[in-house]
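Working notes, structure below.
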Amino acid sequence: MKQYDYLIVGAGLFGSVFAHEATKMGKKCLVIDKRNHIAGNVYTESIEGINVHKYGAHIFHTSNKEVWDYVNSFVEFNRFTNSPIANYKGKLYNLPFNMNTFYQLWGVITPEEAMAKIEEQKKEYAHIVEPKNLEEQALVLGGKDIYEKLIKGYTEKQWGRPATEIPAFIIRRLPFRFTYDNNYFKDIYQGIPIGGYTKLVEKLLEGITIRLNSNYFDNKEVYDTLAETVIYTGKIDEFFNFEFGKLDYRSLHFENQILDTSNFQGNAVVNYTEKEIEYTRIIEHKHFEFGTQEKTYITKEYPHEFSKDNEPYYPINDDKNQSILLQYQEKASASKNVIFGGRLAEYKYYDMHQVIEKALEVVKNEIK
């Protein structure tokens, strides 16, 4: 008999939900994480009394009532609504593209006027029948003003290459809303855990054995002897020792500042859409929880290529990487006593509610 039923590699949302549910069903779990904290990329840390999102902004949103009720059974969520603002050369525009944005761009007031203006802008590019890249695709969908002011620079910073070299499929549609509604998400439920995401994960992992600063690959042979089954949430290519090559990611680094002011920008998220400003956005964390602290904490977010010295954030789902991924997925499906789950193990961009949905589904299928 092994010491544990499940060894869970990674104390992020997927691993923590699995561990919680498996423990509820009488299984014994060991959770390990190479970082010095739980909660993975949703980790929040209290600084100056502000719950800081240490790995970028995380706003929980879902239309799945079961998932919403699930997370609220651990911690109470507030009523935060994501309403980001775009700053282009000192002028501000509401996001997502809605009647406020169209008024700011063109002075139009009615939906009919906005639709007519967009159609007028698109006409110039009607000759592009099959867009060859993101730039052409965006121009066909929305015209010059929206593309140049609100898409081009931001997207090129995110991807680290000109829009003419980014595949067209990345921007298959532009979500235009002909209402004065700045709510970024269409989901029914939205909010932030009161007290931060770390509090949520702490509740999930209550009573479960956790080992931090523990890299699975430093002692893989030993760890594998501890449990009947491994729940692996790390990079799938790393698990197989990069046998078919490394999968590509975009990464981020953050510049943080504590400022001696109670309110720096008046909004949780402000995007900077011109290419000349290197960061893509500034996060003012206190606004996620309607903070009234005397000081504020801001984070500038800089995208860049992934390397071994930084964290992988966004999978690059182009043809080359999908071809490599298929080979790893074949090996994963043939792996005995290992379950691969989560953003890195599946090389898939997940929102938080999707990670939780998937973890609950995996537990249900795994433990009868």
Side-chain angles (χ1 to χ4, degrees), residues 8 10-21 23-24 31 33 35-84 183-208 210 212 233 252 254 256 267-269 281-293 295-299 301 311 313 341-343 349-361 363:
I8 294 151
L13 278 178
F14 188 97
S16 299
V17 168
F18 187 98
H20 179 85
E21 294 301 310
T23 301
K24 256 189 355 187
V31 177
D33 201 293
R35 292 175 176 170
N36 64 358
H37 60 75
I38 61 169
N41 283 1
V42 303
Y43 174 67
T44 49
E45 180 182 350
S46 179
I47 301 173
E48 296 289 340
I50 299 162
N51 291 309
V52 172
H53 297 213
K54 294 294 284 186
Y55 298 91
H58 287 82
I59 297 121
F60 198 93
H61 58 97
T62 183
S63 290
N64 184 329
K65 188 174 189 302
E66 182 186 347
V67 169
W68 182 246
D69 289 344
Y70 183 78
V71 293
N72 275 272
S73 71
F74 299 99
V75 292
E76 186 181 354
F77 277 62
N78 70 17
R79 58 173 181 81
F80 178 82
T81 299
N82 189 29
S83 304
N183 182 359
Y184 195 80
F185 301 117
K186 286 186 174 180
D187 287 306
I188 300 168
Y189 310 106
Q190 184 175 175
I192 305 282
I194 296 171
Y197 286 97
T198 302
K199 188 176 174 184
L200 167 63
V201 179
E202 282 173 350
K203 292 278 189 182
L204 284 164
L205 294 176
E206 223 166 55
I208 296 168
I210 305 164
L212 301 176
T233 70
L252 300 168
F254 307 102
N256 304 305
N267 206 52
V269 182
R281 58 185 183 174
I282 296 179
I283 310 301
E284 188 168 9
H285 301 263
K286 70 189 304 177
H287 295 307
F288 290 127
E289 297 187 60
F290 314 106
T292 57
Q293 298 87 349
K295 294 185 179 181
T296 196
Y297 191 102
I298 66 166
T299 299
E301 204 167 284
E311 294 292 334
Y313 283 90
R343 180 175 52 91
Y349 183 82
Y350 276 126
D351 285 326
M352 288 178 286
H353 68 283
Q354 294 168 323
V355 172
I356 291 169
E357 282 173 9
K358 188 66 185 286
L360 291 171
E361 178 190 323
V363 173

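We use all heavy atoms of the structure for the numbers below, so side chains are in, but hydrogens, waters and symmetry mates are not.
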request  = Apply the test side-chain contact (heavy atoms from CB on, under 4.5 Å) to residues Ile192 and Phe77: give CA-CA distance (whole Å), side-chain angles for both, the deciding distance (0.1 Å), then the verdict.
outcome  = CA-CA 5 Å; Ile192 305 282; Phe77 277 62; 5.6 Å; no

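The six-membered or imidazole ring of Tyr43 lies away from that of Tyr197, with a centre-to-centre distance of 6.0 Å or more. In this structure, the ring of His20 has its center less than 6.0 angstrom from the ring center of Phe74.
In this model, no donor atom of one side chain and acceptor atom of the other lie less than 3.5 Å apart for Glu45 and Tyr297.
Counting non-hydrogen atoms of other residues, nucleotides and ligands closer than 6.0 Å to CD of Gln293 gives a total above 12. More than 12 heavy atoms of other residues, nucleotides or ligands shown are found within 6.0 angstrom of CZ on Phe80.
Exactly one residue among Thr299, Asn256, Thr44 makes a side chain to side chain donor-acceptor pair (under 3.5 Å) with His285. That residue is Thr299. Screening Gln354, Met352, His353 for a side chain to side chain contact (heavy atoms under 4.5 Å, CB included) involving Val67 leaves a single residue, His353.
With salt bridges taken as basic N to acidic carboxylate O contacts below 4.0 Å, one links Glu21 and Lys24.
When the side chain to side chain donor-acceptor pair (under 3.5 Å) test is applied to Arg343, no partner is found at least two apart in sequence or on another chain.
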Acceptor/donor pairs from residues 47-54 side chains to any protein atom, 3.5 angstrom cut, sequence neighbours excluded:
from: Asn51; atom 1: ND2; to: Glu289; atom 2: OE1; distance (Å): 3.4
from: Asn51; atom 1: ND2; to: Glu289; atom 2: OE2; distance (Å): 2.8
from: His53; atom 1: ND1; to: His58; atom 2: N; distance (Å): 3.1

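In this structure, Arg79 fails the cation-pi test against Phe288, since its NZ or CZ atom is not both closer than 6.0 Å to the six-membered ring centre and inside 45 degrees of the ring normal.
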